Amino acid sequence: MEYKGYSINCKNGIMAIEGVKDFNLTHIFECGQCFRWIRQQDGSYNGIVKDKFVNVSLSNGILYIRNAEEQNFIDIWYEYFDLGTDYSKIKSVLEKDEIMKEAIKTGYGIRLLRQDFWEMLISFIISANNMIPRIMKTVDTLSVLKGGCIEANYNAYRFPEIHDLANATLEEIQQCKAGFRCKYIHQTSKLMYQEAITKEMLQSLDTDMARKELMKLPGVGPKVADCILLFSGIKFDVFPTDVWVKRVMEELYLKKESKLNEIQSFAKNQFGNLTGYAQQYLFYHARLNRIGMGK
DNA sequence: AAACAGGCTTGCC
DNA sequence: GGCAAGCCTGTT
């Protein structure tokens, strides 16, 4: 079938998508936005999205999604991989800045995945003062504990639904080894079950109000709130500032130690309403080249 | 009111 | 004993 400039062929559970541009799996999955994709020996990635366990690879400009069905291209994959957005256009705007030009050269194939809001909320609560490998392990353990098995051969479990965690005791949640963050997961899940905050609610608010609203949830501060808004595709004019982004901004742009709000306002001024995309290019660039690490 | 210091689970170094 | 995608609490 043909869909908005893409050509999709599916047989034997292998979906082949022609027409992808500005697309690199390593850049996408290792720029810090997702926790459920694992690199395989051959450079492909196994991952879990909703209740689908798939393998994706890119070869000769064709994106292959294994264990997938054609009907889910529009439902799931077109949106998930943000295939409706023209990243060439975004990059050409950001590239007017020489520093960003370098960062984009490093991560030219980054795309912002449009992930599940609830999953991002819990995942980024877990991310606080933590390391990416352990965040991935904790999210997976939580899924095994309270999600559901979707592919027994691969030990693949979907992320828990809101009610799965809202009905769990603190002791049960603590089995995922998220440490001091477990009580935040516990409390936030209960609030979410009462629909204290919904995605639709956040979409109807402006960015500042949406951030403020999210920060009412325990375990959600300014950095985590911005990550949630960006990675679930709710707001793109945010600039999640973690230690890496802080260091890269200080080293490449500000040339001095700077406060969080200085960095945020500088970014807004420098990148306009594309701060979210700029942050991803910078984060990937900084980590890959260990910028600001004294080496 | 706004800014800052100290503490926090866990596991790897 | 130090440290890691920050947040919360109590103190000025």
Side-chain angles (χ1 to χ4, degrees), chain A residues 27-38 103 107 110 112-113 115 117 119-142 144-145 168-192 197 208 211-232 235 238-251 257-265 267 275-295:
Chain A
H27 298 170
I28 292 169
F29 294 139
E30 296 181 25
C31 68
Q33 59 179 328
C34 54
F35 302 109
R36 305 222 69 191
W37 290 94
I38 298 174
I110 285 174
L112 281 168
L113 298 173
Q115 302 177 78
F117 165 57
E119 182 174 339
M120 291 301 98
L121 170 58
I122 299 303
S123 298
F124 280 93
I125 286 175
I126 292 169
S127 79
N129 193 30
N130 211 338
M131 291 175 296
I132 291 178
R134 186 181 305 128
I135 300 166
M136 294 177 73
K137 186 166 186 183
T138 302
V139 171
D140 188 65
T141 305
L142 194 57
V144 173
L145 283 170
T169 63
L170 177 59
E171 289 70 26
E172 287 178 294
I173 290 175
Q174 283 169 334
Q175 292 172 29
C176 78
K177 308 284 185 192
F180 63 89
R181 310 164 192 88
C182 289
K183 60 178 179 292
Y184 305 145
I185 297 172
H186 188 233
Q187 295 165 356
T188 286
S189 299
K190 291 191 179 301
L191 288 168
M192 285 295 291
I197 289 180
D208 284 336
R211 181 191 291 111
K212 220 176 207 175
E213 202 58 31
L214 266 177
M215 285 172 59
K216 288 179 181 171
L217 297 171
V220 181
K223 189 273 178 182
V224 167
D226 284 356
C227 284
I228 295 165
L229 290 171
L230 185 58
F231 301 138
S232 36
K235 301 290 179 188
V238 292
F239 196 72
T241 307
D242 55 46
V243 291
W244 291 93
V245 173
K246 182 173 186 298
R247 285 195 286 245
V248 70
M249 290 299 287
E250 287 171 346
E251 176 138 338
E257 288 250 338
S258 305
K259 309 245 182 227
L260 177 65
N261 54 20
E262 288 184 84
I263 293 173
Q264 298 251 331
S265 58
T275 45
Y277 301 93
Q279 191 268 6
Q280 283 307 98
Y281 292 115
L282 286 169
F283 181 81
Y284 185 75
H285 185 59
R287 283 187 66 103
L288 199 69
N289 298 310
R290 303 186 66 77
I291 289 171
M293 296 296 287
K295 309 201 162 131

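Fair warning: this is a prediction, and the values are worked out from it, not measured in the lab. Reminder, nothing fancy here: chain letters follow the sequence lines and each chain counts from 1.
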Practice problem: Looking at every strand, decide which applies to A:Val220 at a 4.0 Å heavy-atom threshold: base, sugar-phosphate, or nothing. | Solution: sugar-phosphate

Exercise. Check the distance between B:dA2's C1' and A:Glu262's CD and give it to me in whole angstrom.
Key: 16 Å

Exercise. Quick one: label A:Ile125 by what it contacts on the DNA or RNA (base, sugar-phosphate, nothing), any heavy atom closer than 4.0 Å.
Key: nothing

Practice problem: Using the P atom on both, measure C:dC7 against B:dG11 and round to a whole Å. | Solution: 22 Å

Practice problem: Hey, which sits more toward the 5' end of DNA chain B by its nearest nucleotide, A:Lys137 or A:Asn129? | Solution: A:Asn129

Practice problem: Verify the contact: side-chain N or O of A:Arg287 to OP1 or OP2 of C:dA5, cut-off strictly under 4.0 Å; return yes or no. | Solution: yes

Self-check item: Short side-chain to backbone donor-acceptor contact, A:Glu213 and A:Ile197, under 3.5 Å
Solution: no

Quiz item: When you look at NZ of A:Lys137, are more than 12 heavy atoms from neighbouring residues, nucleotides or ligands closer to it than 6.0 Å?
Solution: no

Quiz prompt | Partner nucleotide, any strand, of C:dG10 [Watson-Crick/G-U, under 3.5 Å] | solution = B:dC4

Exercise. Scan A:Pro218 against the nucleic acid and name what it touches under 4.0 Å (heavy atoms): base, sugar-phosphate only, or nothing.
Key: sugar-phosphate

Quiz item: For C:dA5, what is the paired nucleotide under Watson-Crick or G-U wobble rules, both distances under 3.5 Å?
Solution: none

Quiz item: Considering heavy-atom distances to DNA chain C, does A:Phe231 or A:Tyr184 have its closest nucleotide positioned more toward the 5' end?
Solution: A:Phe231

Quiz item: Base, sugar-phosphate alone, or nothing: which one does A:Lys246 contact when heavy atoms must sit under 4.0 Å apart?
Solution: nothing

Practice problem: Tell me which nucleotide among C:dC8, B:dG11, C:dA5 gets nearest to the side chain of A:Arg134. | Solution: B:dG11

Quiz item: Which one, C:dC7, C:dA5, B:dC4, comes nearest to the side chain of A:Ala128?
Solution: C:dC7

Exercise. Please state how far atom CD in A:Gln174 lies from atom C1' in B:dT10, giving the value in whole angstrom units.
Key: 12 Å

Practice problem: Look at the side chain of A:Arg181 and the backbone N and O of A:Ala128, then say whether any donor-acceptor pair between them is shorter than 3.5 Å. | Solution: yes

Practice problem: Give a yes or no on whether the backbone of A:Met120 and the side-chain of A:Gln115 come within a donor-acceptor separation of less than 3.5 Å. | Solution: no

Quiz item: When you check the phosphate oxygens OP1 and OP2 of B:dC4, does a side-chain N or O of A:Lys259 lie under 4.0 Å from one of them?
Solution: yes

Practice problem: Take atom CG of A:Asn130 and atom C1' of C:dG2, then tell me their distance rounded to the nearest Å. | Solution: 16 Å

Quiz prompt | Whether A:Trp244 and A:Phe283 hold their rings parallel, tilted or perpendicular, with breakpoints at 30° and 60° | solution = perpendicular

Quiz item: Which part of the nucleic acid, if any, lies within reach of A:Pro240 when heavy atoms closer than 4.0 Å are counted: base, sugar-phosphate only, or nothing?
Solution: nothing

Self-check item: Minimum-distance nucleotide to A:Lys177 side chain [options: C:dC7, C:dG6, B:dG11]
Solution: B:dG11

Exercise. For C:dA5 and B:dA3, measure between their P atoms and round to the nearest Å.
Key: 25 Å

